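In this text the structure is predicted, and so the values were computed from the model without any measurement. Only this structure's heavy atoms are used, side chains among them; waters, hydrogens and symmetry mates stay out.
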Amino acid sequence: MLLSHATNKNWEVNQMDIPTAFLNGNIESDIYIKAPQGVNQENGKIFKLNKALYELRESPNSYNNKFNEIASKYNFTRSLNDSCLYINDDNTWIVLYIDDLLITGKRGNIDKVIEIFKQEFNAKDLGKVTNFLGMEISRESGKLMIKQSSLTKF
């Protein structure tokens, strides 16, 4: 939907990546772990986590809550029909798939969103989208072309 909308409006689509996304989440319950291997600690001592870690059951949800909190802070509203789609008052659109983002809208608004996510999540700007979730994406003359040749090779 985002790609089609961007093509109809003749907007660019940029891609970002949020490195170590799940480590951005805040955990809301007390979680204790044994000392990691290589950490010298008295026998039987445990650690209380302050932040989410990969492989915790709570990590994906806590990261998603954190992303939603940040998006809301900058006036993005999560779609009621697609929880991966966010739209703000400037008609800037974001699609989130775990740690990958697509952003479209007017160029100046895209740049503002890129700076927000760089600041909030240390996100990496990957420029114009060319590959997303196994899709090869290209645009020219108001046309959108999507290929999945990596999935169709014999």
For residues [X] and [Y], determine if any side-chain heavy atom of one lies less than 4.5 Å from a side-chain heavy atom of the other.
X	Y	answer
Arg139	Asn10	yes
Asp90	Asn75	no
Arg107	Ile110	yes

- With salt bridge (charged side-chain N to carboxylate O under 4.0 Å, His left out) as the test, would you mind laying out the steps for Lys118 and Glu115 before giving the verdict? CA-CA 5 Å; Lys118 280 182 175 179; Glu115 289 308 311; 3.7 Å; yes
- Task: Take the angle between the ring planes of Phe117 and Phe67 and call it parallel below 30°, perpendicular above 60°, tilted in between.
- Result: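 Aromatic pair Phe117/Phe67 classed parallel.
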- Task: Could you tell me which residues satisfy side-chain contact (heavy atoms from CB on, under 4.5 Å) with Asn68, sequence neighbours excluded, listed by chain and number?
- Result: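 Partners of Asn68 by the side-chain contact (heavy atoms from CB on, under 4.5 Å) criterion, ordered by chain and then number, come out as Ser72, Arg78, Tyr86.
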Shortest non-hydrogen contact from [X] to [Y]?
X	Y	result
Ile18	Phe121	CG2-CB, 3.8 Å
Ile94	Leu101	CG2-CD2, 3.9 Å
Ala123	Met16	CB-CE, 3.6 Å
Phe76	Asn88	CZ-ND2, 3.4 Å
Asn14	Lys128	ND2-N, 4.0 Å

- Message: Count I, L, V, M, F, W, Y as connected when their side-chain heavy atoms are under 4.5 Å apart, and connections chain through other members. Are Leu96 and Leu80 then in the same cluster?
- Response: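 Cluster IDs for Leu96 and Leu80 differ.
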- Message: Between Thr130 and Ile137 (side chain of the first, backbone of the second, donor and acceptor by atom type, cut-off under 3.5 Å), is there such a pair?
- Response: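 Not a single qualifying donor-acceptor pair exists.
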- Message: As an exercise, state the distance from CD1 of Ile116 to NZ of Lys73, rounded to the nearest 0.5 Å.
- Response: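 Atom-to-atom, Ile116:CD1 and Lys73:NZ are 9.0 Å apart.
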- Message: According to side chain to side chain donor-acceptor pair (under 3.5 Å), who are the partners of Asn91, at least two apart in sequence or on a separate chain?
- Response: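 Only Trp93 meet the side chain to side chain donor-acceptor pair (under 3.5 Å) criterion with Asn91.
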- Task: Can you spot which of Leu3, Asn8, Val13 makes a side-chain contact (heavy atoms from CB on, under 4.5 Å) with Leu144?
- Result: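 Result for side-chain contact (heavy atoms from CB on, under 4.5 Å) with Leu144: Leu3.
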- Item | Heavy atoms from other residues, nucleotides or ligands near CG of Leu133 exceed 12 (cutoff 6.0 Å) |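 Above 12, so yes.
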